[in-house]
Amino acid sequence: MLLYYYFYPIPYALSQGGWLCLMLLLLVAIICCYTGILLQKCMSVSPSIKTYPDIGEFAFGNKGRILISIFLYLELYFVAIEFLILEGDNLQKLFPNAKIHVGCVKIVGREVFVLLVAIIILPTTWLKSLGLLAYVSIGGVLASIVLVFSIFWVGAMDGIGFEEKGVIWRWDGLISAISMYTFCYCGHAVFPTICNSMKDRSQFPKVLFVCFIVSTITYGSMATIGYLMYGQNLMSQITLNLPTGKISSKIAIYTTLVNPITKYALVVSPIATAIEDKLPLRKSKFIVSYFIRTLLVISTVTVALTVPFFGYVMAFTGALLGVTVSILLPCLCYLKIKKPSYLEIMFIVMILIFGSSVTLSGTYTSLKNIISHV
């Protein structure tokens with residue numbers, strides 16, 4: 001999905017679980033790679049299966065399509081919220097004294113920047129053709145390299161160092177760490193589309209395997225660098241720990257700020273399109289479209305201002321939506337569509353038990369943290 005976006009919480013996730021939690025990162029990567037292959041096996045049953053909701057419909061009928069669609073759109077919706085929280089946090093770090101007055105109302109700090117960013121991105125959500133934004137967002141790969149290099153430079157050359165020891169294991173933060181790790185691998189929504197676009201679908205497992213290896217190495221490196229730099233003092237986004245006076249820090253933070261602005265419309269557009277397709281209106285469709293997209297932006301801004309906790313919201317999204325979309329639903333669809341061997345059934349049942357445990361405990365823990373801080 002958005003590899004570049006997932007860099008920020010990885011060091012924080014490691015600090016929540018301790019050094020041995022890196023093994024759980026590898027475990028989550030293996031499980032999610034396997035479930036991605038299960039989706040490809042489901043698609044091989046019928047050429048009519050093109051998307052993830054198609055798999056749900058083939059397995060469980062129209063109810064399956066609706067259920068998977070709801071989870072996919074909710075996941076996108078929360079990603080959009082996280083974009084706004086991320087922008088507000090990092091801009092507040094750069095300009096801590098920002099404030100504006102609107103009549104008798106005084107808006108300060110993070111709220112100023114969330115509203116400002118929302119105003120900037122609103123016109124991009126009205127666009128019907130997002131081709132330009134798609135090309136711009138491809139720069140996320142380059143931005144990932146810039147971000148990792150900049151943070152490493154801060155540690156190696158700007159006096160921070162890599163001397164923090166951290167802790168070996170933390171039981172109290174384990175579930176949150178797993179939830180955030182799972183969120184980092186929640187690209188399953190687009191896997192069927194990518195597989196369908198390939199000339200040789202049989203090569204999809206190899207492509208998936210390479211992508212997961214690269215992602216896991218990148219995530220692990222970023223987590224290790226960040227944890228060695230700041231240890232248990234890591235914040236939910238590593239850019240919030242960086243000293244603002246250094247050029248390398250500013251490069252990292254400004255790189256962080258540009259990417260979500262280009263991706264917000266790409267994330268919200270599928271939700272808006274799904275709503276618009278359900279409406280019977282024809283003559284005033286353009287006006288209704290603008291209204292729906294504006295309403296979506298307003299709603300994400302409202303949630304971002306009400307629950308401005310990047311780490312907790314990501315843990316909630318990963319536990320409830322990420323695990324469901326990336327682990328539970330692929331396994332259930334595969335068991336329904338195919339006829340796996342007894343050994344494979346046992347392995348999938350173990351994955352389902354693991355995923356269900358993370359979903360229940362992770363959702364409870366993250367909601368508890370959110371409510372206590374609100």
Side-chain angles (χ1 to χ4, degrees), residues 1-3 6 27-76 79 130 134 138 182-216 266-267 269-271 273-274 277 318 320-356 359:
M1 216 173 141
L2 307 176
L3 172 61
Y6 298 144
L27 175 63
V28 171
I30 292 173
I31 292 175
C32 289
C33 184
Y34 175 71
T35 55
I37 295 174
L38 293 185
L39 291 178
Q40 187 256 344
K41 290 182 177 180
C42 291
M43 293 185 67
S44 66
V45 174
S46 172
S48 63
I49 300 178
K50 306 292 185 183
T51 64
Y52 200 162
D54 289 343
I55 295 175
E57 184 174 16
F58 195 89
F60 301 104
N62 191 51
K63 292 181 179 179
R65 169 178 285 276
I66 293 173
L67 180 65
I68 288 179
S69 298
I70 289 173
F71 275 102
L72 292 183
Y73 293 140
L74 278 175
E75 189 177 54
L76 291 174
V79 168
L130 299 177
I138 293 175
T182 305
F183 187 82
C184 294
Y185 292 104
C186 63
H188 290 61
V190 298
F191 286 172
T193 304
I194 294 173
C195 180
N196 187 59
S197 66
M198 296 177 64
K199 292 183 178 179
D200 185 1
R201 292 187 181 185
S202 64
Q203 296 298 311
F204 178 76
K206 295 180 181 178
V207 174
L208 195 66
F209 186 65
V210 171
C211 290
F212 268 82
I213 288 178
V214 173
S215 298
T216 303
L266 295 174
V267 169
S269 182
I271 307 173
T273 302
D277 290 342
L320 179 61
L321 305 175
V323 173
T324 302
V325 171
S326 301
I327 297 178
L328 300 181
L329 291 177
C331 290
L332 294 174
C333 289
Y334 181 74
L335 290 175
K336 181 69 175 180
I337 294 175
K338 304 284 284 187
K339 294 181 179 180
S341 64
Y342 177 77
L343 183 63
E344 192 171 18
I345 290 175
M346 293 300 296
F347 183 62
I348 290 175
V349 168
M350 291 173 61
I351 293 176
L352 287 172
I353 294 173
F354 170 78
S356 300
T359 297

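Since the model is a prediction, treat every value here as computed from it, not as a measurement.
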Please table the atom pairs, donor to acceptor, closer than 3.5 Å between any side-chain atom in residues 324-337 and protein atoms at least two apart or in another chain.
residue	atom	partner	partner atom	Å
Thr324	OG1	Leu320	O	2.5
Ser326	OG	His188	ND1	3.3
Ser326	OG	Gly322	O	3.2
Tyr334	OH	Glu344	OE1	3.2
Tyr334	OH	Glu344	OE2	3.2

**Asked** What's the shortest heavy-atom distance between Leu208 and Cys33, and which atoms?
**Response** CD2-O, 3.5 Å

**Fill in**
OG (Ser69) and CD1 (Ile271) are apart, to the nearest 0.5 Å, by 12.0 Å

**Prompt:** Taking side chain as C-beta onward, heavy atoms only, is Ile49 less than 4.5 Å from Pro192?
**Reply:** no

**Request:** Drop me the distance from Phe58's CZ to Ser48's OG, to the nearest 0.5 angstrom.
**Result:** 6.0 Å

**Asked** side-chain contact (heavy atoms from CB on, under 4.5 Å) between Phe183 and Leu321: does it pass, once the steps are laid out?
**Response** CA-CA 8 Å; Phe183 187 82; Leu321 305 175; over 6 Å; no

**Prompt:** When rounded to the nearest 0.5 angstrom, what is the spacing between SG in Cys211 and CZ in Phe209?
**Reply:** 11.5 Å

**Neighbour count >12 (heavy atoms, 6.0 Å) for atom CE, Met198** = yes

**Prompt:** For the residue pair Cys186 and Glu75, what are the closest heavy atoms and their distance?
**Reply:** CB-OE2, 3.3 Å

**Request:** Check whether any side-chain N or O of Ser197 sits under 3.5 Å from a backbone N or O of Ile194 as a donor-acceptor pair, and report yes or no.
**Result:** yes

**Request:** Begin from the C-alpha positions of Leu67 and Phe60 and carry the test side-chain contact (heavy atoms from CB on, under 4.5 Å) through to its verdict.
**Result:** CA-CA 10 Å; Leu67 180 65; Phe60 301 104; over 6 Å; no

**Request:** Any chance you could measure Ile37, atom CD1, to Gln40, atom CD, to the nearest 0.5 Å?
**Result:** 7.5 Å

**Asked** Counting only N and O atoms by type, is there a donor-acceptor contact under 3.5 Å from the side chain of Asp54 to the main-chain atoms of Lys50?
**Response** yes

**Request:** Using a 4.5 Å cut-off on heavy atoms from C-beta on, say whether the side chain of Lys338 contacts that of Ser44.
**Result:** yes

**Prompt:** Should Thr35 and Leu39 be marked as a side-chain contact (heavy atoms from CB on, under 4.5 Å) after you check the CA-CA gap, both sets of side-chain angles, and the distance that decides it?
**Reply:** CA-CA 6 Å; Thr35 55; Leu39 291 178; 6.0 Å; no

**Message:** Contact between Ile66 and Lys63 at the side-chain level, heavy atoms closer than 4.5 Å - yes or no?
**Reply:** no

**Request:** First locate atom CZ of Arg65, then atom CD1 of Ile55, and finally report the distance between them rounded to the nearest 0.5 Å.
**Result:** 10.5 Å

**Pairing residues for Leu343 by the side chain to side chain contact (heavy atoms under 4.5 Å, CB included) criterion, not counting sequence neighbours** = Ser341

**Request:** State the CG-SG distance between Leu27 and Cys32, to the nearest 0.5 angstrom.
**Result:** 9.0 Å

**Item:** Residues Phe191, Tyr52; criterion ring pair (Phe, Tyr, Trp, His ring centres under 6.0 Å); working and verdict
**Value:** CA-CA 8 Å; Phe191 286 172; Tyr52 200 162; 9.0 Å; no

